[in-house]
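Numbered from 1 within each chain, the chains take letters A, B, ... in sequence-line order.
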Number of protein chains: 2
Amino acid sequence: MFIQIEPTSEIPIYTQLANQLIELIATGTLQTSEALPSVRSLAADLGVNMHTVNKAYHELEKKNIIQIIPKSGAVVNEISSTGPSDSQIEHIKQVMKPLIAESIVYGMDKKQILSIATSLISGIRRDEE
Amino acid sequence: MFIQIEPTSEIPIYTQLANQLIELIATGTLQTSEALPSVRSLAADLGVNMHTVNKAYHELEKKNIIQIIPKSGAVVNEISSTGPSDSQIEHIKQVMKPLIAESIVYGMDKKQILSIATSLISGIRRDEE
DNA sequence: CACCTGTTATAATAAAGTTAGAACAGATTG
DNA sequence: CAATCTGTTCTAACTTTATTATAACAGGTG
């Protein structure tokens with residue numbers, strides 16, 4: 001599992017973990033229906049507590065990105081082919097809004113911001129041109 | 001001052017404040033060289049502690065968005081006409097990356113993501129088309 | 001000189017994050 | 001079937017962060 005945790009970061013460990021898992025799923029490194037490592041084994045791998053990994057998994061489950069099957073394990077949900085739900089769009093907008101505002105204050109224009117977004121998308125999905 | 005704080009939010013008050021101040025600056029509602037309200041008066045307005053406002057101001061100062069003049073007050077810095085610094089670009093990328101990954105997992109494609117970014121930019125800067 | 005400013009210090013409280021250990025019960029496997 | 005692995009739940013302790021509360025200090029302003 002290619003995950004790197006920075007214990008001294010101001011970003012909570014479970015958030016770092018959730019973010020990196022999302023990236024692995026977005027890139028296809030973790031594929032649909034693939035089982036995630038057990039909370040215990042991943043915790044041991046990363047040198048963190050079981051409950052911390054558990055919290056990260058439940059964050060992903062709240063977002064409908066993985067499915068936790070009680071007493072069994074967690075598997076990656078399929079990436080929606082029908083596109084995002086309204087609430088998912090709303091959530092993305094809400095998080096992206098202050099980031100866009102910050103970019104503008106830094107002197108970026110529309111072209112620069114979209115260029116960064118585009119390069120990040122390309123970095124994740126090669127088929128997205 | 002058109003700021004709305006949600007005390008029950010999981011987002012820290014000082015972050016909510018900093019984000020909304022950034023928006024006000026990005027939209028031009030708060031203009032370059034304009035003085036921000038004193039930490040005491042804004043704290044009284046919002047019904048929060050002086051130190052909480054102070055922390056928000058220092059967050060903005062760390063990002064070079066405002067300038068705090070000791071014993072005097074805080075003023076809005078000019079929006080860079082030469083564009084963002086490398087470290088500012090790096091910071092934006094770092095925050096935007098997991099958000100893009102999440103969007104992709106939700107089933108958004110490049111077009112949809114850029115469309116959301118574009119609408120947010122337009123919502124802040126009318127002159128950006 | 002009053003008053004407002006940010007600064008600093010101390011303190012107390014509450015909430016969040018992290019770790020720890022144990023026990024339970026369903027699922028899996030040999 | 002028995003051993004093991006799984007997520008779940010509970011309690012507990014600890015650390016850090018966030019928030020509020022006072023108070024005092026010193027420069028800026030009118």
Interatomic distance, [X] [atom1] vs [N] [atom2] [rounded to whole Å]:
| X | N | atom1 | atom2 | value |
| --- | --- | --- | --- | --- |
| B:K71 | C:dG6 | NZ | P | 10 Å |
| B:Q16 | D:dA18 | CD | P | 13 Å |
| A:L42 | D:dT6 | CG | C1' | 14 Å |
| A:R40 | D:dT8 | CZ | P | 11 Å |
| A:L36 | D:dC5 | CG | C1' | 16 Å |
| A:L17 | C:dT19 | CG | P | 11 Å |
| A:I66 | D:dT6 | CD1 | C1' | 14 Å |

Quiz prompt | Of residues 3-13 of chain A, the positions that come close to DNA chain C - non-hydrogen atoms, cut-off under 4.0 Å | solution = A:P12, A:I13
Quiz item: At how many degrees, to 10°, do the end axes of the helix from C:dC1-D:dG30 to C:dG30-D:dC1 meet when each uses five pairs?
Solution: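 Result, rounded to 10 degrees: 30°.
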For [N], take OP1 and OP2 only and decide whether either is under 4.0 Å from a side-chain N or O of [X].
| X | N | value |
| --- | --- | --- |
| A:S38 | D:dT6 | yes |
| B:T52 | D:dT20 | yes |
| B:K55 | D:dT19 | no |

Quiz item: Which letter, B, S or -, goes with each nucleotide of nucleotides 8-13 of chain C from 5' to 3', with contact meaning a protein heavy atom under 4.0 Å?
Solution: BB----
Self-check item: Earlier contact from the 5' end, DNA chain C, for B:E61 and A:Y14
Solution: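 In this pair, the answer is B:E61.
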Quiz item: Counting side-chain heavy atoms from C-beta on, which of D:dT20, D:dG7, D:dG28 comes nearest to B:N49?
Solution: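 Given the options D:dT20, D:dG7, D:dG28, the side chain of B:N49 is closest to D:dT20.
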